[in-house]
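If you're wondering where the values come from, they're calculated on a predicted model, not measured in any experiment. FYI, side chains are in, hydrogens and waters are out, and symmetry mates aren't considered; it's all heavy atoms of this structure.
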Amino acid sequence: MESSIASPSKSFSITHQWDGSAIDHAPITVTIAQDPSDTSCFILETDGPFFNDPGRPKGEAGQPYDGLWDYEVVEAFFLGDDEKYLEVELCPHGQHLVLLLSGIRKFYKTKLSLVFQSAINSDEGTWRGRAKIPLEYLPPGVKRFNAYAIHGSDEQRMYEALYHAPKGKHDNPDFHRLEYFHEIDLTDVIPSNLTSKLWEIAM
């Protein structure tokens with residue numbers, strides 16, 4: 001699957017583990033871009049090494065899969081006002097999980113649908129994923145962002161973060177530490193006057 005990303009877009013490389021330690025492999029890249037064919041969506045693309053550890057989830061490719069965070073996955077978090085945020089999880093085997101949260105770890109809506117395609121290049125040991133994310137999934141006032149990558153089993157489980165926690169401050173990884181998210185300007189990619197009926201009740 002070839003990338004169709006065109007400007008405007010923003011790309012980020014995940015080069016550290018959750019605690020700030022360096023990774024020992026090529027980084028996974030996350031790109032956010034306009035969808036030139038559909039103004040109601042934006043594109044989230046991932047590109048990087050394929051570990052195949054753990055193996056394939058039992059769920060069908062293209063469908064939501066609860067508990068996807070227990071597998072090999074790339075995650076992107078979009079934080080808006082009042083601790084409201086969108087979490088998108090993409091798996092190299094084609095499953096996805098989309099969550100809306102209103103408050104830290106407080107699920108507001110789960111297993112939302114989206115269009116997601118992935119392709120594994122076994123010869124190169126890489127994979128690429130491309131998801132169309134409906135703009136209505138974004139909470140009001142998106143201004144902070146973080147991205148993560150998870151792979152490995154048991155003691156070899158790796159938790160990697162774009163914006164990591166300070167070294168020595170925490171004993172365990174936690175991707176919902178919103179204080180470590182960084183500011184992001186998405187005005188070139190996402191309309192600034194965005195409104196969503198999905199979030200009206202949570203407001």
Side-chain angles (χ1 to χ4, degrees), residues 1-16 27-48 62 64 68 73-92 94-102 108-119 126-150 160-164 175-200 202-203:
M1 180 180 64
E2 294 185 1
S3 174
S4 60
I5 292 295
S7 60
S9 64
K10 295 181 182 296
S11 292
F12 307 88
S13 293
I14 301 174
T15 58
H16 291 83
I28 291 172
T29 299
V30 176
T31 300
I32 305 165
Q34 281 186 349
D35 186 341
S37 64
D38 188 349
T39 57
S40 70
C41 297
F42 70 97
I43 299 297
L44 180 64
E45 188 169 279
T46 66
D47 190 3
L68 195 60
V73 70
V74 174
E75 303 183 357
F77 287 64
F78 299 83
L79 175 61
D81 298 330
D82 302 321
E83 294 184 344
K84 293 175 173 59
Y85 55 108
L86 163 67
E87 177 181 348
V88 181
E89 303 184 13
L90 305 177
C91 176
Q95 298 82 4
H96 61 78
L97 184 62
V98 181
L99 309 168
L100 306 187
L101 298 97
S102 183
Y108 171 55
K109 291 186 180 294
T110 64
K111 299 174 71 174
L112 295 174
S113 62
L114 54 75
V115 176
F116 173 53
Q117 295 177 315
S118 64
T126 60
W127 77 283
R128 173 173 288 152
R130 184 178 187 273
K132 292 182 60 168
I133 314 294
L135 291 175
E136 66 176 351
Y137 290 1
L138 290 168
V142 172
K143 55 185 176 292
R144 301 180 75 86
F145 174 75
N146 211 346
Y148 306 95
I150 313 173
E160 301 168 1
L162 175 62
Y163 303 123
H164 56 78
F175 292 172
H176 296 266
R177 292 184 177 120
L178 306 183
E179 65 269 28
Y180 301 129
F181 287 28
H182 282 207
E183 290 188 1
I184 187 171
D185 182 0
L186 293 175
T187 54
D188 288 344
V189 178
I190 295 169
S192 58
N193 60 346
L194 180 68
T195 59
S196 170
K197 291 184 179 180
L198 276 178
W199 286 97
E200 285 181 354
M203 300 301 290

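Residues Tyr163 and Phe145 keep their aromatic ring centres 6.0 Å or farther apart. In this structure, the ring of Phe175 has its center less than 6.0 angstrom from the ring center of Tyr148.
Side-chain contact of His176 with Tyr85: a donor-acceptor pair under 3.5 Å is present, judged by distance alone.
At a threshold of 4.5 Å between non-hydrogen side-chain atoms, the residues Tyr137 and Leu112 count as touching. In this structure, Leu138 and Phe42 have side chains that are in contact, with non-hydrogen atoms separated by less than 4.5 Å. Inter-residue side-chain proximity for His182 and Asn146 is flagged as unmet; no heavy-atom pair is nearer than 4.5 Å. The shortest side-chain heavy-atom distance between Leu97 and Lys111 falls under the 4.5 Å cut-off. No side-chain heavy atom of Lys143 sits under 4.5 Å from any side-chain heavy atom of Glu183. Ile43 has its side chain out of reach of Ile133: every pair of non-hydrogen atoms, C-beta onward, lies at least 4.5 Å apart. Side-chain contact between Lys10 and Thr31: absent, with no pair of heavy atoms (C-beta onward) separated by less than 4.5 Å.
Between the side chain of Trp199 and the backbone N or O of Lys84 there is no donor-acceptor pair closer than 3.5 Å. In this structure a side-chain-to-backbone donor-acceptor pair under 3.5 Å is present from Asp38 to Ser40. For Ser118 (side chain) and Pro92 (main-chain N/O), a donor-acceptor pair under 3.5 Å exists by modelled atom type. Put simply, the side chain of Arg144 gets close to the backbone of Phe181: a donor and an acceptor are under 3.5 Å apart. In terms of modelled atom types and a separation under 3.5 Å, the side chain of Gln34 and the main chain of Asp188 share a donor-acceptor contact.
Atom CG of residue Leu186 and atom CG of residue Leu135 lie 10.5 Å apart, to the nearest 0.5 angstrom. Between Asp47 atom CG and Ser13 atom OG the span is 9.5 Å, to the nearest 0.5 Å.
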